[in-house]
Each structure stands twice: as C-alpha cells, then as structure tokens.
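Every chain is numbered from 1, with letters handed out A, B, ... down the list of sequences. The structure presented is a predicted model; accordingly, all values stated were derived computationally and were not measured.
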2 protein chains.
Amino acid sequence: MENFKENKKFQETVATAKTLFWKHGIKRVSIEEICSETPVSKMTFYKFFKNKEVLAEYLLRELLDKWHEAYTKIMSQDMPFPTKIKKVIALEQEASADMSEEFIKDIYNNEFVELQKLVSEDRNRYHAEIAKDMIAAQKRGEIRKGIKPEFILYLLEDIGNKVVDDKLSSLYSSKQELIMELTNYFFYGIMNNQPDA
Amino acid sequence: MENFKENKKFQETVATAKTLFWKHGIKRVSIEEICSETPVSKMTFYKFFKNKEVLAEYLLRELLDKWHEAYTKIMSQDMPFPTKIKKVIALEQEASADMSEEFIKDIYNNEFVELQKLVSEDRNRYHAEIAKDMIAAQKRGEIRKGIKPEFILYLLEDIGNKVVDDKLSSLYSSKQELIMELTNYFFYGIMNNQPDA
DNA sequence: TGTAACTATACGAATATTGTATTTTATGTG
DNA sequence: CACATAAAATACAATATTCGTATAGTTACA
C-alpha cells in the first residue's frame with residue numbers, strides 16, 4: 001500500500017470522512033457523500049482506500065495512536081499521581097467530545113468486523129501498558145497495596161465488557177457518559193488517597 | 001384520513017420517528033428502521049402514514065402548533081415586555097435543543113417539498129401574528145416609535161431568508177446558533193429599552 | 001367464536017450505493 | 001511546447017437497500 005499521507009486530496013478526504021463519521025456514524029455515511037463533500041472524485045477515493053471500512057480503520061488507528069501518545073506523555077511527566085489520573089480522564093473526555101453516539105455504536109455493534117478487531121487488539125495492548133503503569137504506581141504507594149495486579153488487569157477487561165452491556169448502557173443517556181463513569185470508577189477506585197471531586 | 005391519535009402503536013411509532021429524525025434528520029432514517037425500533041410492522045406503519053414525508057409532516061405540524069400555543073400563552077400573560085421577549089427566545093432555544101443540524105437541513109434544503117411548504121406557510125401565518133403583537137407593543141411604548149410596522153414584517157421575512165443564506169450560515173457552527181443570533185437581534189433590535197444581557 | 005389490530009413473510013419495483021473502466025481535463029515540469 | 005501525472009467526469013454493471021403492497025398467520029379480547 002502506498003503512503004498518501006502527504007497527499008493533499010488524501011488529507012482532505014480523511015478530514016471530511018472524520019467529520020461525517022463522527023457526526024453520523026459509519027453506516028449512515030456513503031462513499032459518494034464523502035466524495036462530493038470533500039470534493040474528490042470517486043476514482044481518487046478508491047485509489048486511497050479499498051472501501052469505507054478501510055477508511056474508518058485508518059481514522060480509528062489514527063485516533064488510538066494519538067490517544068496512546070498522549071497517555072504515555074502524561075504518565076512520563078513528573079507530577080502527583082492523582083493529577084495524572086485526572087489528566088487521563090480529561091483526555092478520554094476530550095477524545096470522545098465530538099463523537100456521536102452513532103459512531104461508537106457502529107464500532108462496537110455490528111457489521112464492521114475489522115474495526116471491532118482493531119479496537120479490541122488495541123485495548124489488549126493498552127491495557128497491558130496501563131496495568132504496568134498501575135503496578136509501578138502501586139510500588140510507589142500511589143495505589144492501594146491491597147490490590148493485586150491481576151485484579152487491575154481484570155478490572156480493565158471488565159470495563160471493556162461493561163461498555164457493551166445493554167443493561168448497564170440503558171442507565172445512561174449516552175455511551176460517552178457510561179465510559180466516563182467507568183473510567184472514573186476504575187481510576188478513583190484503585191487510588192490510595194481519594195482526591196477531591 | 002382516519003384519526004389515530006389515541007392509538008398506542010401510532011403514538012409509539014411517532015415517538016420513535018421523532019427520536020430518530022431529531023437525531024439523524026429525515027433522509028438518513030429509513031421507514032424500516034423506524035418500524036424495527038418501535039417496534040411496529042411495516043403494514044401498520046403504512047396504515048398510519050402514506051410515506052416518510054407525511055410522517056415528518058405530522059411531527060413538524062405538531063411541533064409548530066406547540067410552539068404557537070406556547071408563544072400565544074406568553075404574549076397573553078401580564079408581564080413586562082422584555083420579560084416576554086426573553087421567554088420567547090428561551091422557547092425558541094428549548095424547541096431546537098435536541099434537534100440535530102441534520103434535521104434542520106433536511107427541512108430547509110432539499111427534496112422534502114411538502115415540509116418546506118408547511119414551514120413557509122406557517123411562517124407567514126405566525127409572522128403576521130408576531131407583527132400584530134409587535135405593533136400592539138409599539139402602541140404601548142414597548143417598541144421604539146420610529147419603527148414602521150411594515151419594517152417589522154420585513155425584518156421577520158428577512159430572518160427567514162438569512163437562515164438559508166449559506167454565506168451567513170458559514171459564520172456559525174450550527175443553524176441553531178444562527179437562528180438564536182437572529183432571534184435575539186430581531187427582538188432586542190426593535191425594543192425600546194435594551195434589557196440587560 | 002368472531003373480529004379487529006397487528007405481525008410475519010415474501011416479493012417486485014424503484015432507488016441508492018458500490019466498485020471499476022474509460023475518457024477528458026488540469027497542472028505542473030523539463 | 002510536449003509530456004507525464006493527478007484528478008475529474010462520465011458511464012456502467014453488480015449489489016444492496018428501501019419502498020410499498022399482497023397474503024397469510026397471530027394475538028387480544030368482547
């Protein structure tokens with residue numbers, strides 16, 4: 001696959017797709033809509049991406065990489081642990097701010113198998129890293145001594161499951177809200193000293 | 001046409017449609033989606049509505065009637081004119097709060113001719129009424145003496161045009177924002193004593 | 001049991017979308 | 001200029017989706 005990242009038309013196409021996907025989800029947006037909005041001809045589009053899902057994959061990968069980079073940066077900084085946690089939570093919030101319910105649904109729900117795979121693989125990877133950071137924090141006394149590292153990993157997995165739990169989801173008006181709640185619950189729940197809300 | 005307003009399935013169908021239309025606009029929502037979400041069979045749907053646009057018409061008429069009722073109520077109350085204006089503006093805001101950009105686009109833009117007709121007819125009707133109220137307010141000294149009644153009507157028409165002006169729209173991140181700005185501009189612009197923001 | 005309201009299923013027709021092929025039109029670049 | 005490159009425009013077959021209707025089956029219930 002060629003690398004089009006410097007290509008102007010490519011960048012414009014990706015930008016349009018991001019706007020539309022974030023607003024309406026993936027299913028409700030057609031390739032032709034992306035093309036006419038950009039504007040770019042359909043032929044050029046297919047030069048860049050095999051199909052709509054591959055484009056969504058590209059965007060999602062971009063998002064996850066950015067998230068990971070920001071997370072690593074926060075964790076590597078020299079600041080109190082609770083401050084880091086707050087920043088990580090804010091990061092989460094920021095990333096999902098302009099994301100529609102529909103977009104998240106399209107990723108978690110149905111037909112886009114590759115996207116689900118991408119997200120779940122990434123989750124595993126990042127969870128391992130987060131767990132590592134948490135264990136290190138525990139050694140430094142920032143996380144309660146009583147918690148087993150395996151339990152932290154378990155909790156992270158569990159959050160992933162809870163996000164797609166319909167019963168729990170129905171208690172919240174949006175997935176973002178639920179994700180925030182779970183993120184808060186996780187980080188504050190394991191911390192040594194509860195910070196002020 | 002039969003009157004189904006007491007029918008439970010009818011009410012459920014209308015409720016689902018409202019949720020979906022308000023979120024995604026009209027074009028992006030299919031009849032089948034409304035049916036499976038409600039849930040109601042397609043046959044029953046077509047018993048209620050000839051097609052999607054007729055359903056949207058029903059919802060829009062409901063909305064416009066409610067708006068009008070609330071407006072009349074505010075205007076008939078005994079309170080200072082600036083307070084009324086504020087309430088009317090708040091009403092406008094409230095009505096469009098959970099409405100997506102997409103829904104407004106679908107009404108103003110393109111293919112749904114009947115909806116546009118409905119809105120423009122209503123606009124004329126309500127404009128006449130608003131103008132009447134404004135002229136009465138002017139008689140009571142609540143609106144600047146210098147303003148001609150015809151100018152008020154002209155302004156109201158003008159607002160309708162500005163809403164669909166792409167050049168102006170591009171200055172705002174959403175149609176709602178633009179509509180609010182214009183509504184504010186109109187009401188505050190003609191008032192006798194500028195109320196505190 | 002009968003009837004009214006609704007569902008389930010199936011289906012043809014219309015539309016929309018996808019993905020590709022072919023031909024034109026710009027846009028540089030030596 | 002001439003040539004190469006990139007993109008646009010157009011057209012098109014293959015699918016997929018959506019629409020609207022017909023028919024048969026189910027449920028609720030007086």
- [ ] Classify every nucleotide of nucleotides 24-30 of chain D by which part a protein heavy atom approaches to under 4.0 Å, writing B for the base, S for the sugar-phosphate alone and - for neither, in 5'-to-3' order.
- [x] -------
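- With distances taken from any side-chain atom of B:Lys47 to the nucleotides D:dC19, C:dG19, C:dC6, the minimum falls on C:dC6.
- Every residue meeting the ring pair (Phe, Tyr, Trp, His ring centres under 6.0 Å) condition with A:Phe45, not counting sequence neighbours, appears here in chain and number order: A:Phe49.
- Each side-chain hydrogen bond (donor to acceptor under 3.5 Å, both in side chains) pair with one or both residues in residues 70-85 of chain B, not counting sequence neighbours, appears once here: B:Tyr71-B:Asp133.
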Under-3.5 Å N/O pairs linking protein and nucleotides 10-17 of chain D:
none

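- Among residues two or more places apart in sequence or in another chain, the side-chain contact (heavy atoms from CB on, under 4.5 Å) test is passed with B:Pro39 by none.
- Nucleotide D:dA7 holds its P atom 13 Å from the CZ atom of A:Phe49, rounded to whole Å.
- Note on residues 28-37 of chain B: pairs passing salt bridge (charged side-chain N to carboxylate O under 4.0 Å, His left out), not counting sequence neighbours, are A:Arg28-B:Glu33, A:Glu33-B:Arg28, B:Arg28-B:Glu102, B:Glu32-B:Lys42.
- Rounded to a whole Å, the CZ atom of B:Arg28 is 10 Å from the P atom of C:dT17.
- Not one side-chain nitrogen or oxygen of B:Asn51 sits closer than 4.0 Å to the OP1 or OP2 atom of D:dT18.
- Going from atom OH of A:Tyr46 over to atom P of D:dA7 covers 17 Å, rounded to whole Å.
- One can place CD of B:Glu53 at 11 Å from P of D:dG20, the figure rounded to the nearest angstrom.
- Separation of the A:Phe10 and A:Tyr58 ring centroids falls under the 6.0 Å cut-off.
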Show me the donor-acceptor pairs within less than 3.5 Å that the side chains of residues 148-155 of chain B make with the rest of the protein, sequence neighbours left out.
none

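- Residues that satisfy the side chain to side chain donor-acceptor pair (under 3.5 Å) test with B:Lys175, not counting sequence neighbours, are B:Ser169.
- The distance between atom NZ of A:Lys8 and atom P of C:dA26, rounded to the nearest whole Å, is 17 Å.
- Rounded to a whole Å, the NZ atom of B:Lys27 is 17 Å from the C1' atom of D:dC19.
- In this entry the distance linking CD1 of A:Ile26 with P of C:dT18 reads 13 Å, nearest Å.
- For the pair B:Gln176 and B:Ser96, the minimum side-chain heavy-atom distance is below 4.5 Å.
- To the nearest angstrom, P of C:dG28 lies 14 Å from CG of A:Asn7.
- B:Gln11 is linked by a side chain to side chain donor-acceptor pair (under 3.5 Å) to nothing, counting only residues two or more places apart in sequence or in another chain.
- For the OP1/OP2 pair of C:dT7 and a distance below 4.0 Å, the side-chain nitrogens and oxygens of B:Ser41 include at least one atom meeting the criterion.
- Screening residues 113-123 of chain A for salt bridge (charged side-chain N to carboxylate O under 4.0 Å, His left out), with sequence neighbours left out, gives A:Arg61-A:Asp122, A:Glu114-A:Lys117, A:Asp122-A:Arg125.
- A:Thr16 and A:Thr13 form no side-chain donor-acceptor contact under 3.5 Å, judged by distance and modelled atom types alone.
- For B:Tyr172, the side chain to side chain donor-acceptor pair (under 3.5 Å) partners are B:Glu181, not counting sequence neighbours.
- Residue contacts shown for B:Ser30 are limited to sugar-phosphate atoms, with no base heavy atom under 4.0 Å away.
- Between its opening and closing five pairs, the helix from C:dT1-D:dA30 to C:dG30-D:dC1 changes axis direction by 30°, a value rounded to 10 degrees.
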